[in-house]
Amino acid sequence: MRPAIFLRFWFVIQTILIIGIKSASAQGETRTSQSPRAAQTDTLTGKILTDRGTPIPYASVSLKNSTDATTADSSGAFTLTTNTRGSQTLLISAIGFKETEVPVTIGSSPSLSGSTPSLPGSTPSAPGRTPSLPGAPANPIVIKLKPAASHLNPVVITAGTMEATDDRVLTIVKPVDVMSNASSTGDLVGAFQNFPGVQRNGGDQTGLFVRGGDASETMMILDGTTVQNPFYSSVPGVGQRSRFNSFQIKGMSFSTGGYSARYGQALSSVLDLQSTDLPEKSTLSIGANIAGLMVAGGQRIGNNALEYSGSYSNFGPYYDLAKTNFHFYEKPRATDLSTRWIARTHAGGLFKLAVHYNHSTSGTDVIDPDDPDTTIAFGVHNDNLAVNTSFKTPFSNSLKLFTAAGFSTNKDDIGWGDTVFNRNDNRLQARTELTWHPGASLRVTAGGEVQHYRYAQQYDTANNKFTETLSAGYIEGEYRPISWFAIKPGFRTEYSAILQKGNAVPRFA
């Protein structure tokens with residue numbers, strides 16, 4: 001009897017549980033079937049146009065303070081589905097146009113708040129009109145965006161000049177672009193040999209040769225000062241690298257034709273370089289290869305920074321493995337030491353001071369000009385020191401001052417067989433500029449420079465030397481009345497002490 005009573009009791013409990021589960025399931029299905037009606041959606045449709053009526057493709061459309069968003073298609077049309085209702089704000093953004101906020105009322109018929117412009121041939125939305133079906137799209141709305149030229153800096157191509165950047169704009173060419181150029185071998189100037197108008201010399205000559213000009217006709221500027229000896233001293237038939245550190249250069253301007261009134265003399269090209277500003281953080285790098293060792297680093301101290309680098313190279317082990325066509329009785333060796341100090345003032349000015357020293361030696365056998373069947377020894381010992389400083393600061397939002405000064409000295413002790421050949425040159429220079437920039441369409445630069453340099457050479461018993469002082473003043477303007485047209489007039493006057501003569505040089509682009 002006891003098992004029968006237990007079974008009857010268990011049957012009653014089981015029946016109650018089954019009825020309860022079925023009742024709960026039925027209620028859940030009822031709530032689920034009613035939920036779409038509770039969460040009714042509305043659809044915004046429209047078209048994004050310019051102020052001239054041209055479609056703007058792929059503009060971003062979203063509701064402010066909401067995750068509802070979409071993207072216009074190639075014709076500027078968009079469809080945005082949302083559960084949000086009432087007065088909302090529609091955000092529209094596109095590259096090259098000002099971001100626009102449009103108030104909309106989302107109800108039974110989504111529409112622009114106030115008056116509702118519409119596409120030609122369509123009937124404007126009427127607030128309060130109920131669509132025939134829930135979620136049916138309303139008549140499309142038209143939204144026009146105004147262009148924002150300041151969002152995109154224009155790309156300017158000047159005949160004969162290729163500008164990566166200057167002191168007015170952001171960096172475009174990075175050091176890695178130079179280092180990854182296969183034919184540059186990591187040399188900044190080597191990368192420019194791929195530019196139009198530049199002649200490749202096969203690696204047997206030192207310098208940058210532009211449009212058939214000599215290497216001395218290419219001026220190289222670093223932070224406003226002329227680089228007197230931009231390349232390492234060479235032996236005949238072996239081209240040398242430049243002294244620039246690619247990772248300390250932030251911008252480059254290369255001219256293969258007409259150039260700015262800031263520069264003068266009979267030049268075929270100007271390579272204007274801008275050094276990097278304050279580093280973002282302190283760094284330390286150590287490297288080694290078969291040809292030498294190097295260490296470089298920088299210490300950031302608030303609004304100041306100290307950068308330093310040192311390297312020693314000896315190509316003896318490398319040339320033992322990679323044979324060359326030249327016999328070096330003294331393998332190329334070099335020691336480089338450099339340091340930079342960068343400081344930013346409270347007024348927004350930037351001060352830079354750079355010091356670079358190099359000592360190098362090299363010796364090879366060259367053909368004897370008096371007896372082409374024999375060779376004689378040609379060795380060179382070089383010492384080079386360069387110091388340059390620059391400072392730029394704003395006087396106001398539209399007026400800025402730039403000053404730069406530099407000193408360099410270079411000495412070559414050359415042994416050509418039994419003949420003694422020495423040469424020494426040095427240069428002292430200064431430059432001052434004022435730039436007035438009242439608006440985006442006008443810029444005027446006025447300034448002056450003075451350079452004093454001396455060159456001395458001894459060949460056997462013959463001695464030659466000269467001293468020159470060159471002074472110049474210049475003014476240059478750039479006016480852009482409309483986005484696709486600009487003029488750049490300039491005027492420069494110069495005076496040479498050695499010639500005791502001055503001249504005037506107008507410029508126009």
Side-chain angles (χ1 to χ4, degrees), residues 187-190 205-209 214-245 248-249 263 265 267 269-273 275 309-313 330 332-340 353-364 378-390 404-416 419-431 449-460 462-470 498:
D187 181 22
L188 185 148
V189 177
Q205 291 179 293
T206 299
L208 190 61
F209 302 85
D214 185 73
S216 61
E217 296 174 354
T218 298
M219 178 183 290
M220 298 188 185
I221 310 290
L222 178 61
D223 288 339
T225 59
T226 303
V227 182
Q228 176 77 356
N229 300 96
F231 296 90
Y232 292 104
S233 296
S234 63
V235 296
V238 181
Q240 297 296 309
R241 301 165 59 88
S242 70
R243 301 180 189 269
F244 302 114
N245 182 347
Q248 290 183 346
I249 303 299
Y263 317 116
Q265 303 300 296
L267 301 176
S269 176
V270 172
L271 177 59
D272 193 351
L273 306 175
S275 66
S309 65
S311 66
Y312 172 76
S313 60
E330 185 175 4
R333 292 176 298 170
T335 302
D336 279 276
L337 298 172
S338 67
T339 183
R340 289 205 314 150
L353 172 65
V355 181
H356 178 261
Y357 170 75
N358 166 261
H359 172 76
S360 61
T361 61
S362 180
T364 184
F378 186 100
V380 56
H381 291 221
N382 170 256
D383 286 282
N384 179 272
L385 173 66
V387 182
N388 71 293
T389 179
S390 66
F407 171 77
S408 63
T409 180
N410 185 82
K411 183 179 180 181
D412 288 320
D413 294 324
I414 300 172
W416 191 3
T419 304
V420 177
F421 183 16
N422 298 325
R423 57 192 176 199
N424 177 254
D425 59 87
N426 53 62
R427 180 184 295 248
L428 180 65
Q429 56 186 308
R431 178 190 297 268
E449 66 170 332
V450 60
Q451 300 192 43
H452 176 81
Y453 48 94
R454 176 181 178 273
Y455 186 87
Q457 176 176 292
Q458 175 189 354
Y459 180 77
D460 201 6
N463 289 276
N464 263 317
K465 63 181 180 180
F466 72 87
T467 302
E468 163 71 313
T469 300
L470 179 69
I498 196 172

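These numbers come from a predicted model, not from an experiment.
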K.L.:
Mind checking the CG-CZ spacing from Asn388 to Arg427? Nearest 0.5 Å is all I need.
P.N.:
13.0 Å

K.L.:
Check side chain to side chain donor-acceptor pair (under 3.5 Å) between Tyr263 and all other residues, then give those that pass, not counting sequence neighbours.
P.N.:
Asp272

K.L.:
Of all the heavy-atom pairs spanning Ser408 and Gln228, show the shortest one and how long it is.
P.N.:
OG-CB, 3.3 Å

K.L.:
For Ala462, is there any backbone N or O sitting under 3.5 Å from a side-chain donor or acceptor partner on Asp460?
P.N.:
no

K.L.:
Can you see which heavy atom on Thr225 is nearest to which on Ala404, and at what distance?
P.N.:
CG2-CB, 3.9 Å

K.L.:
Looking at side-chain heavy atoms only, is the closest gap between Thr226 and Gln451 below 4.5 Å?
P.N.:
yes

K.L.:
For residues Ser234 and Val238, report the shortest heavy-atom separation together with the two atoms involved.
P.N.:
CB-O, 3.5 Å

K.L.:
Can you list the steps and then say if Tyr357 with Thr335 is a side chain to side chain contact (heavy atoms under 4.5 Å, CB included)?
P.N.:
CA-CA 8 Å; Tyr357 170 75; Thr335 302; 5.8 Å; no

K.L.:
The test is side chain to side chain contact (heavy atoms under 4.5 Å, CB included); show your working for Asn426 and Phe407 and say whether it passes.
P.N.:
CA-CA 7 Å; Asn426 53 62; Phe407 171 77; 4.3 Å; yes

K.L.:
List the steps, then state whether side chain to side chain contact (heavy atoms under 4.5 Å, CB included) holds for Thr339 with Leu353.
P.N.:
CA-CA 8 Å; Thr339 183; Leu353 172 65; over 6 Å; no

K.L.:
According to side chain to side chain donor-acceptor pair (under 3.5 Å), who are the partners of Thr469, at least two apart in sequence or on a separate chain?
P.N.:
His452

K.L.:
Taking all non-hydrogen atoms of both residues, which atom of Arg454 and which atom of Asn424 are closest, and how far apart?
P.N.:
NH1-OD1, 3.9 Å

K.L.:
Return the CZ to OG distance between Arg431 and Ser390, rounded to the nearest 0.5 Å.
P.N.:
11.5 Å

K.L.:
May I have the step-by-step check of side chain to side chain donor-acceptor pair (under 3.5 Å) for Asp223 and Ser275, ending in yes or no?
P.N.:
CA-CA 6 Å; Asp223 288 339; Ser275 66; 2.5 Å; yes

K.L.:
So do the side chains of Thr218 and Ser216 get within less than 4.5 Å of each other, counting heavy atoms only?
P.N.:
no

K.L.:
Is the closest basic N to carboxylate O distance between Asp412 and Arg423 below 4.0 Å?
P.N.:
yes

K.L.:
Can you measure from CD (Gln458) to NZ (Lys465) and round to the nearest 0.5 angstrom?
P.N.:
11.5 Å

K.L.:
Quick one, Arg241 with Thr206, criterion side chain to side chain donor-acceptor pair (under 3.5 Å). Give me CA distance, side-chain angles, the key distance, then yes/no.
P.N.:
CA-CA 7 Å; Arg241 301 165 59 88; Thr206 299; over 6 Å; no

K.L.:
Are the side chain of Glu217 and the backbone N or O of Asp214 linked by a donor-acceptor pair below 3.5 Å?
P.N.:
yes

K.L.:
Asn229: what forms a side-chain contact (heavy atoms from CB on, under 4.5 Å) with it, not counting sequence neighbours?
P.N.:
Arg243, Asn384, Asn410, Asp425

K.L.:
Under the 3.5 angstrom rule, does the side chain of Glu468 hit a backbone N or O of Ile498 as a donor-acceptor pair?
P.N.:
yes

K.L.:
Begin with the C-alpha distance, continue with both residues' side-chain angles, and end with the deciding distance and a verdict on side chain to side chain donor-acceptor pair (under 3.5 Å) for Tyr455 and Asn464.
P.N.:
CA-CA 8 Å; Tyr455 186 87; Asn464 263 317; over 6 Å; no

K.L.:
Set out, in order, the CA-CA distance, both residues' side-chain angles and the distance that settles side chain to side chain donor-acceptor pair (under 3.5 Å) for Asn382 and Ser233, then state yes or no.
P.N.:
CA-CA 7 Å; Asn382 170 256; Ser233 296; 3.0 Å; yes

K.L.:
Using the rule side chain to side chain contact (heavy atoms under 4.5 Å, CB included), only one of Thr364, Val380, Thr361 pairs with Glu330; which is it?
P.N.:
Thr361

K.L.:
Testing the 3.5 Å rule here: is there a donor-acceptor pair between the side chains of His356 and Asp336?
P.N.:
yes

K.L.:
Working to the nearest 0.5 angstrom, can you tell me the gap between Leu208 CG and Phe231 CZ?
P.N.:
6.0 Å

K.L.:
Run the side chain to side chain contact (heavy atoms under 4.5 Å, CB included) test on Met220 and Phe244 for me, step by step, so that the C-alpha distance in whole Å, both residues' side-chain angles and the decisive distance to 0.1 Å come before the verdict.
P.N.:
CA-CA 11 Å; Met220 298 188 185; Phe244 302 114; 3.8 Å; yes

K.L.:
Taking atom CZ of Phe378 and atom OG of Ser362, what is their separation to the nearest 0.5 Å?
P.N.:
9.5 Å

